[in-house]
Amino acid sequence: MPKIILDGNVTDSDFDVQYGSDLEADATNVLLPMKTWLEQADKLKGRNDIGIWLDADGEPEEIADHVNSFAVIGLNFPTFFDGRCLSTANILRRKYGYKGELRAIGDVRRDQLEQMRRCGINAFQLAEGQDADAATSSLTSFTVGYQATVDQPEPLFRRR
Amino acid sequence: MYIYDDYDQKMVEERVAQYRDQTDRFLAGDLTDEEFLHLRLRNGLYIQRLAPMLRIAVPYGLLSVAQLRKLAHVTRHYDRGYAHFTTRQNLQLNWPKLEEVPDILAELASVQMHAIQTSGNCIRNVTSDQYAGVARDEIEDSRPWCELIRQWSTFHPEFNWLPRKFKIAVTGAREDRAAVQVHDIGIRLVEQDGEVGFEVLAGGGLGRTPVVGPVIKPYLEKKHLLTYLEAILRVYNRFGRRDNKFKARIKILVRAMTPEVFAAKVEEEWQSLKDGAATLTDEEIDRVRACFTEPTYESLGDDVPEYKAALNEDFAFKAWVSRNVAAHKKPGYAIATIAFKETGIAPGDVTDEQLEKIADLADKFSFGEVRVTHEQNVTLADVRKSDLYELWQELVRSDMASPNLGLLTDIICCPGGDYCSLANAKSIPVAEAIQRKFDDLDYLHDIGDLDINISGCMNACGHHHVGNIGILGVDKKGEEWYQVSVGGSQYNHTALAQILGPSFAREQVPQVVQNIVDTYLEARQGEEAFIDTFNRIGLKPFKDRVYA
Ligand code: SF4
């Protein structure tokens, strides 16, 4: 069971990430690659013990119809300086109204967490060697931001 | 100018704390070089050939005297007593110590300044017309819109890790002094049916593949500015190329998709944001506009006898006025620009004492504010005509009265190989050699408007593509060579310069410029400017002369 930060607390997750594309017959509590899931959608639809993860170039439009059947969606950051999944998070939350756990996976490091959080990511499976407690504290390195974001849909100018 | 409230101040202070922590962790070995590289870049800190270089943001070029004095202090205390104005209206320190940067940032925060997003693949400092608010040809002051964009783009959580750097320019005037056509996004205030809104261009840029940006939205209502920008950035963040840094700018995406398809994609994304919470409110527009109201101008006549008398009596003053002073929208006032293009000093370089002197002059003559221009000069925007002679005399005493604004020797030049680790070749000595060759002021005035732009490499920080004469440092088997092009122009009729032919050794460059100028002077008809002659006769006569 991987350790993750979920809503600001370090915890163990029931869901692990599967990077390979095969579907094991007894798969459970696992995030499958989006492609694998889509290929087996008929079989997997409605199973809340199976989640999904999108790579940086994964298009959330492909799962638009299924989004709210997932308990967990993972977003993979191939490097910490690749920001594509931040837009994916925005689309999943804002456009599709996804309410479940949205987890950053891959090269997830503490200096990016605060931005991820503001884009709607609420769970973090950190890269190797990252200190979970230090990372948790960095979630709040800024206490105010200008923009309308997923975590604060009213921009500052409507509140100041 | 815009004055921070508690929120704005808190953000820059939290940034100082965050950056201090990142620096400490790096120095303690807890952050790798690569990780720290990306983090420090987002705070304008490069590690250059000789030392770190810190780029300080000057939002749309505006500085108060308190800020100028602080910059003078920082330059003196943390650096070697001089700084450098950039072509992005920013200020660079060339020799700060990495471990002192957090202290510098804390000093800057005390005068509402920072270095946020001045480098790295994120939204950079928004630039604008240096004459905003005072120009006669203005439809509307662009500065409130620049400030709204500045706030929107500062720490935008979704757009901090873009495929490549991203630059936005805004102009509110009829003549485009902000080069909006060669920015990732260019915004023009335009009138339609009696209403003022925005024309939006996307995908322009210089660099390796220069492109004049196409219009993707002919008219956008003002209140939609931020949601529309968000839509553009989201499309770019998702679909811009990341596999090759030379193909990662938005211009490549716009071209690959075609401007029509790109615009349609943005439009589709925008529909989901339009009229949402990020739509600007009248209150917010008014709040920001209130920071850019007119200073308390006196009502003066435009005919100023003592000014006229000085013009008649003092030829040197007249020469300076003819180049460095522009028309102001208010009678009796003028816009005066200090050119930092003294021969022998790197273009844009300014000393701590000069910064203080500028502050004193701004206090005395121009309501306590100045603007940094993208030609690396400094503008005093609100000088009474009756004060111009005194101002000029003070400038003469401080070696800041170069009467060469817009002339051949007002060279735009990047730091190049003397400072920049990306350079193929040096650029500053080339500028100096040209300035030395053209040292006769009467001759320079006769040549008239002629922009020379020099970049030390393809990154084009010196904007060589839009110079009337563009000079680019290239590497030929480890040696420094220079490719020369002719016929570029900025402003309303942005055109990209055409390459003359094979490149030259450094010693040859001044003579090449001389040959180009000679070709122009011989072909010129009447009062024709260099660029007009070029447009009439084309590249060939220049080429024939230079390679004869
Ligand atoms: S153009 Fe090249 S050499 Fe000049 S400052 Fe930019 S990156 Fe450096």
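Every chain is numbered from 1, with letters handed out A, B, ... down the list of sequences. Below, each value reflects all heavy atoms present in this structure, side chains not excepted, and no hydrogens, waters or symmetry copies.
- Contact detail for Gln147(A) and Thr154(B): the closest heavy-atom pair is NE2-O, 2.7 Å.
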Would you check, one step at a time, whether the test side chain to side chain donor-acceptor pair (under 3.5 Å) holds for Arg84(A) with Asn237(B)?
-> CA-CA 6 Å; Arg84(A) 283 175 286 183; Asn237(B) 189 37; over 6 Å; no
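- Asp111(A) CG to Leu31(B) CG: the interatomic distance, rounded to the nearest 0.5 Å, is 6.0 Å.
- The shortest distance between side-chain heavy atoms of Asp82(A) and Trp161(B) does not fall below 4.5 Å.
- Using cut-offs of 30° and 60° for the angle between ring planes, the His38(B) and Phe80(A) rings count as perpendicular.
- Side-chain contact between Asn121(B) and Phe81(A) is absent, with no heavy-atom pair separated by less than 4.5 Å.
- Considering only heavy-atom pairs separated by less than 4.5 Å from chain B, the leading option among Glu154(A), Gln112(A), Met116(A) is Gln112(A).
- Counting heavy-atom pairs under 4.5 Å between each of Arg117(A), Lys95(A), Glu114(A) and chain B puts Lys95(A) at the top.
- The pair Arg238(B)-Glu61(A) counts as a salt bridge, with a side-chain nitrogen and a carboxylate oxygen less than 4.0 angstrom apart.
- By the 4.5 Å heavy-atom criterion applied to side chains, Glu158(B) and Thr88(A) are not counted as neighbours.
- Rounding to the nearest 0.5 Å places CG of Leu156(A) at 8.0 Å from CD of Glu284(B).
- Between Phe142(A) and Phe155(B), some side-chain heavy-atom pair lies under the 4.5 Å cut-off.
- Side-chain contact between Ser87(A) and Phe159(B) is present, with at least one heavy-atom pair separated by less than 4.5 Å.
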Apply the test side chain to side chain donor-acceptor pair (under 3.5 Å) to residues Ser141(A) and Arg15(B): give CA-CA distance (whole Å), side-chain angles for both, the deciding distance (0.1 Å), then the verdict.
-> CA-CA 8 Å; Ser141(A) 44; Arg15(B) 178 57 172 142; over 6 Å; no
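- Using a cut-off of 4.0 Å between Lys/Arg side-chain N and Asp/Glu carboxylate O, Asp8(B) and Arg160(A) are scored as salt-bridged.
- Considering only heavy atoms from C-beta on, Glu230(B) comes within 4.5 Å of Asn90(A) through its side chain.
- No side-chain heavy atom of Asn160(B) sits under 4.5 Å from any side-chain heavy atom of Leu86(A).
- For the pair Val144(A) and Met11(B), the tightest heavy-atom approach, listed with the atom from each and the gap, is O-CG, 3.6 Å.
- Here Glu269(B) pairs with Arg94(A) in a salt bridge; the nearest charged N to carboxylate O distance falls below 4.0 Å.
- Residues Arg25(B) and Arg110(A) form a side-chain contact, since some pair of their non-hydrogen atoms from C-beta on lies under 4.5 Å apart.
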